[in-house]
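Computed from a prediction, not measured in an experiment: that's the story for all the values here. All chains are named by letter (A, B, ...) in the order of the sequence lines, taking the proteins before the strands, and each is independently numbered beginning at 1.
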There are 2 protein chains.
Amino acid sequence: MSQHRHPGAPGSAGAVPALPDLPEATVARLPEYLRALHNLADAGHETVSSEGLSAAAGVNSAKLRKDLSHLGSYGTRGVGYDVALLIEQIEYVLGLTQRRAVALVGVGNLGHALAGYDGFASRGFRIAALLDADPSRVGEEINGLVVRHVDELPAVAVEESIAIGVIATPAAAAQRVADQLVAVGVTSILNFAPCVLSVPEGVDVRKVDLAIELQILSFHEHRKASLTALPATGGSALTALPGGLAATDTQEAIGT
Amino acid sequence: MSQHRHPGAPGSAGAVPALPDLPEATVARLPEYLRALHNLADAGHETVSSEGLSAAAGVNSAKLRKDLSHLGSYGTRGVGYDVALLIEQIEYVLGLTQRRAVALVGVGNLGHALAGYDGFASRGFRIAALLDADPSRVGEEINGLVVRHVDELPAVAVEESIAIGVIATPAAAAQRVADQLVAVGVTSILNFAPCVLSVPEGVDVRKVDLAIELQILSFHEHRKASLTALPATGGSALTALPGGLAATDTQEAIGT
DNA sequence: CGCGATTTGTGCACGTCTTCACAAGCGCCT
DNA sequence: AGGCGCTTGTGAAGACGTGCACAAATCGCG
């Protein structure tokens, strides 16, 4: 089994071996492992232990081992994981052996930044098209790509074999764009617009909402503030008593 | 309990009543509910049922009710939730009654976009400072704010009462910036750099990695492709290792 | 050749999150 | 006033994810 056959000549069409169905939580962590592994490879490491890799990826080592075990991974007991092999494995499972083409719709503030973000190119993707509904933006060149009108999507999808659509439009336009993407056969969408998209079964949508992230942080911030104001007795989840609590400056180390 | 005490005159300093400790999963959904509620309010709705709100927020209605019940919410059986009241409740719990000041470090490609993103301002935050380590960027004005050098952070933190730090630097600089933020007392960080930050206990970090989102989509795309290629019989999740797979067409049966 | 040091892979128990299903509560209509 | 339909809030069951702890496997060394 030490036979080390590397996965995919990307080559031709759909005949791909089936994938194990991984737990979603695992899938969400694999990219992080992959990044950490690339760092290790660049630093010259040939093998890495679960302990080392998990530290680099910011997770628990047991979790890491279980995750890797799900993809039938090849670690060596007493030694660790072969960095290069593991990179191959994960890239294969994530479908990164082919460089997928991404269409970015909405070249406003955020869209501009995304179009110029080199993290996509360096991590398995190719921004293949920029689209916008605003005629005054059409024709603009960003990072070597010319912005085209969103109505050209059908043509673009075919020309470039678009696999993933990224929506960076205002919320009001997002659903319409999503429909257009679905109509041309895109089944994976990354949505930056602050709204819920409805799409047919079989289409995957992931949402990134920057304000939501801040609001979650705000909650914890609020919570920490309300805790440090208190004398910290036994830990019962106290339910919002408007009561006394005065002190403002007595903040001290929070309990573990 | 029908007593309806509404939360916060934002007014003065830190004396805030303690918060119930909500499940993380719930906290992560509250902002979405809030956004949906604002939409409903703008559309003139005064009340909304759990069914209606859950649809607008893209979740299951039972989940929504349980989430709201955690914050001791005030719905009326047979009627639904009072939109305005619920907005107040959620904003209070999330700590949005005060407009928190955000410091954005790293005014490159992405940082520029974030600095210009009006979703922050409209949803409870104030970008109070732009910082960068590159002297050639210092002094630039973006959206009415002048970029200052990151070494001025201590002064800025005090002047603006920074509550949250956003890191939009290259990965190599991120840890250093995080340390600086922590040093000036920031306990909530939103990290856009593709790397793991280590911070002391009590500091919250949330990470947004755009490439990771795409990679997760890529997995599902890959998976869908490998499924459609097959005649779909019932079966075990076979373990797809690159190992043997000589034959390209003998693949059979993936599970549902 | 065998032994000990090391590290993976995993069974198991625990906690968290989700979902169903239904009793309790509320308003409206008669 | 009483009953009916609608909607919330929640108990309980199940699915899912996590982390411990240890057996199994491998390497290196004497």
For the side chain of Lys224(B) and the backbone of Thr187(A), is there at least one donor-acceptor N/O pair under 3.5 Å apart? yes
Considering only heavy side-chain atoms of Ser69(B), the closest of dG9(C), dG11(C), dT10(D) is dT10(D)
Report task. Report the C-alpha separation of Tyr74(B) and Asp82(B) in whole Å, then their side-chain angles, then the decisive distance to 0.1 Å, and conclude whether the side-chain hydrogen bond (donor to acceptor under 3.5 Å, both in side chains) test is met. Result -> CA-CA 8 Å; Tyr74(B) 301 82; Asp82(B) 180 297; over 6 Å; no
Any Asn60(B) side-chain N or O less than 4.0 Å from OP1/OP2 of dT19(C): yes
In whole angstroms, the gap separating P of dG25(C) from CZ of Arg65(B) amounts to 16 Å
Pro23(A) has its side chain closest, among dG27(C), dT19(C), dG17(D), to dG17(D)
Report task. Give a yes or no on whether a donor-acceptor pair under 3.5 Å exists between the nucleobase atoms of dT8(D), that is its base, and the side chain of Arg77(B). Result -> yes
Exercise. Any salt bridge between Arg223(A) and Asp204(B), counting N to O under 4.0 Å?
Worked result: no
Quiz item: Looking at dT10(D), does its base get a donor-acceptor pair with the side chain of Lys66(B) below 3.5 Å?
Solution: no
Regarding the side chain of Tyr81(B), the nearest nucleotide among dG9(D), dC27(D), dT18(C) is dG9(D)
To the nearest angstrom, the CG-P distance between Leu64(A) and dC20(D) comes to 14 Å
From the candidates dG27(C), dT18(C), dA21(D), the one with an atom nearest any side-chain atom of Ala62(A) is dA21(D)
Out of dT26(D), dT18(D), dC17(C), minimum distance to the side chain of Glu24(B) belongs to dC17(C)
Regarding Glu32(B) and Arg29(B), does a basic nitrogen lie under 4.0 Å from an acidic carboxylate oxygen? no
Below the 4.0 Å mark, does dT8(D) have OP1 or OP2 next to a side-chain nitrogen or oxygen of Ser50(B)? yes
Per atom distances to the Arg29(A) side chain, the nearest of dC20(C), dC17(C), dT18(D) is dT18(D)
